[in-house]
Amino acid sequence: MRILFLGDVVGRRGREGVAAALPGLRRDLKIDLAIVNAENASHGFGLAPDMAKTLFAAGADVITLGNHAWDRKEIIPYIAETPRLIRPLNYPAGTPGNGSVLVTLEDGRKALVLQALGRLFMDPLDCPFRGTADVLARYRLGGTVNAIVADIHAEASSEKMAYGHIFDSQISLVVGTHTHCPTADAQILPGGTAFQSDAGMCGDYDSVIGMVKTGATLRFWRKMPGEKLAPADGVVTICGVFVETDDTTGLARRIEPVRTGGRLSQMMPVA
């Protein structure tokens, strides 16, 4: 199975960039399953239903959220009726939406997509490790499902790495989101799980993690409240991860970063 995961979509330019690039990426890389993190798509904070619909129409099979899941209140009724939009699985019981979704491809193959929220320097939610283990106990990689993808939305690279190693051999791809900076550690772990600490963002990198430099830098320089943050609106770089898995075992055969457009060095897998 060929899987494309695109990192955090930031603001209008990020949305427009993904909507424009995703159809071509799906075609050129022969993608079977496309996943997009979009928790920063609405002015940098949250996701609105119409924006989710645009990303689905562009070719996203699943959209993941994160710690800004509820910043746009209108997402609450929408997520309840949209299984392919998921939020972290370790929110408390009774939280709207689901933390995982089982996707059936047109050819009948099945993929499980889940998301967990880290706890270091983040909201003190339920344990992401135990929550993930509970979900995985209901599926068997290479048996009941052909692939499993986990989005670990976390601040600390150590927590993301620990998550990857704990679930090595149980998940096809563990990919980090949230910090908006693509890491250079794409690898296949010893047990066969593809891993990258952070997929990066889909946004303008002439910024502070996607936000206009002026307000963001003054927050550090002056330490004064009230500096307004707004998404940067320059040229977008599309960042993500491409993974190819073995349909028999569900484990990864290859993992390569995806970076196209904008300011960063360009990387595109060979189809």
Side-chain angles (χ1 to χ4, degrees), residues 1-7 22 25-26 29-37 59-64 83-84 86 88-90 98-118 128-129 131-154 159-178 182-183 185-200 239-258 267 269-271:
M1 187 180 299
R2 289 181 166 227
I3 300 167
L4 176 67
F5 185 99
L6 295 184
L22 185 51
L25 289 172
R26 290 203 68 139
L29 297 177
K30 301 178 178 63
I31 297 301
D32 298 303
L33 176 69
I35 306 160
V36 177
N37 182 289
D61 295 300
V62 177
I63 296 174
T64 61
R84 293 188 296 141
I86 63 174
L89 56 81
N90 50 323
N98 294 292
S100 64
V101 62
L102 183 64
V103 179
T104 301
L105 306 185
E106 291 184 359
D107 59 12
R109 288 178 295 170
K110 297 181 183 296
L112 175 71
V113 182
L114 61 90
Q115 184 183 48
L117 190 71
F129 298 91
T132 298
D134 288 344
V135 172
L136 294 179
R138 304 198 295 268
Y139 302 90
R140 184 167 61 86
L141 184 61
T144 55
V145 292
N146 300 98
I148 300 176
V149 177
D151 171 356
I152 174 66
H153 195 79
E159 188 172 20
K160 297 177 185 181
M161 290 179 179
Y163 185 96
H165 287 297
I166 284 174
F167 297 111
D168 185 19
S169 80
Q170 301 177 62
I171 295 177
S172 309
L173 167 64
V174 170
V175 59
T177 55
H178 179 66
T183 53
D185 60 344
Q187 59 184 296
I188 297 178
L189 301 178
T193 293
F195 174 81
Q196 184 170 321
S197 291
D198 201 279
C239 284
V241 177
F242 167 82
V243 171
E244 186 173 2
T245 65
D246 184 300
D247 283 333
T248 301
T249 65
L251 298 175
R253 289 176 172 168
R254 58 190 281 219
I255 176 172
E256 296 183 45
V258 173
M267 299 192 72
V270 176

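Since the structure is predicted, the reported quantities are computational estimates derived from the model, not experimental observations.
- Across every non-hydrogen atom of Ala111 and Leu33, the tightest pair is CB-CD2, 3.7 Å.
- Under the side-chain contact (heavy atoms from CB on, under 4.5 Å) criterion, Ala252 pairs with Ile188, Ala194, Val243, not counting sequence neighbours.
- Side chains of Phe195 and Ser197 form a contact here, defined as non-hydrogen atoms less than 4.5 Å apart.
- Of the possible donor and acceptor atoms, one in the side chain of Asp61 sits under 3.5 Å from a partner among the backbone N and O of Ala34.
- Residues that satisfy the side chain to side chain donor-acceptor pair (under 3.5 Å) test with Asn146, not counting sequence neighbours, are absent from this structure.
- Here the straight-line distance linking atom CZ of Phe242 with atom NZ of Lys30 works out to 9.5 Å at 0.5 Å rounding.
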Would you check, one step at a time, whether the test side chain to side chain contact (heavy atoms under 4.5 Å, CB included) holds for Leu112 with Val135? CA-CA 10 Å; Leu112 175 71; Val135 172; 4.1 Å; yes
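- Taking Glu159 as the reference, nothing meets the side chain to side chain donor-acceptor pair (under 3.5 Å) condition, with sequence neighbours excluded.
- Expressed to the nearest 0.5 Å, how far CD1 of Ile166 lies from CE of Met161 amounts to 13.5 Å.
- Taking the ring-ring contact (aromatic ring centres under 6.0 Å, His included) definition, one finds that Phe129 meets it with Tyr163, sequence neighbours left out.
- For the pair Leu25 and Ile31, the minimum side-chain heavy-atom distance is 4.5 Å or more.
- Under the salt bridge (Lys or Arg N to Asp or Glu O under 4.0 Å) criterion, Arg84 pairs with no residue at all, not counting sequence neighbours.
- Among residues two or more places apart in sequence or in another chain, the side-chain contact (heavy atoms from CB on, under 4.5 Å) test is passed with Arg140 by Thr144.
- In this structure, Asn98 has no side chain to side chain donor-acceptor pair (under 3.5 Å) partners at least two apart in sequence or on a different chain.
- Among pairs with a residue in residues 185-198, those fulfilling salt bridge (Lys or Arg N to Asp or Glu O under 4.0 Å) read Lys160-Asp198, at least two apart in sequence or across chains.
- Applying the side chain to side chain donor-acceptor pair (under 3.5 Å) test to Thr64 and every residue at least two apart in sequence or in another chain returns Asn37, Asp151.
- Pairing each heavy atom of Val270 with each of Glu256, the nearest pair is N-OE1, 4.3 Å.
- In this structure Leu141 satisfies the side-chain contact (heavy atoms from CB on, under 4.5 Å) test together with Ile148, Ser172, Leu251, sequence neighbours excluded.
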Please determine whether side chain to side chain contact (heavy atoms under 4.5 Å, CB included) holds for the pair Gln170 and Thr193, giving the CA-CA distance in whole Å, both sets of side-chain angles, and the decisive distance to 0.1 Å. CA-CA 7 Å; Gln170 301 177 62; Thr193 293; over 6 Å; no
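- Contact detail for Thr249 and Asp246: the closest heavy-atom pair is N-OD1, 3.2 Å.
- Contacts of Asn90 classified as side-chain contact (heavy atoms from CB on, under 4.5 Å), with partners at least two apart in sequence or in another chain: Pro88, Ala116, Leu117, Leu125, Asp126, Pro128.
- The heavy-atom pair separating Gly59 from Leu22 by the smallest distance is C-CD2, 3.5 Å.
- Scored by the salt bridge (Lys or Arg N to Asp or Glu O under 4.0 Å) test, Asp247 finds Arg109 as partners (sequence neighbours excluded).
- Side-chain contact between Pro269 and Arg254: present, with at least one pair of heavy atoms (C-beta onward) separated by less than 4.5 Å.
- Taking CD of Glu244 as the reference point, atom CG of Leu29 lies at 10.5 Å (rounded to 0.5 Å).
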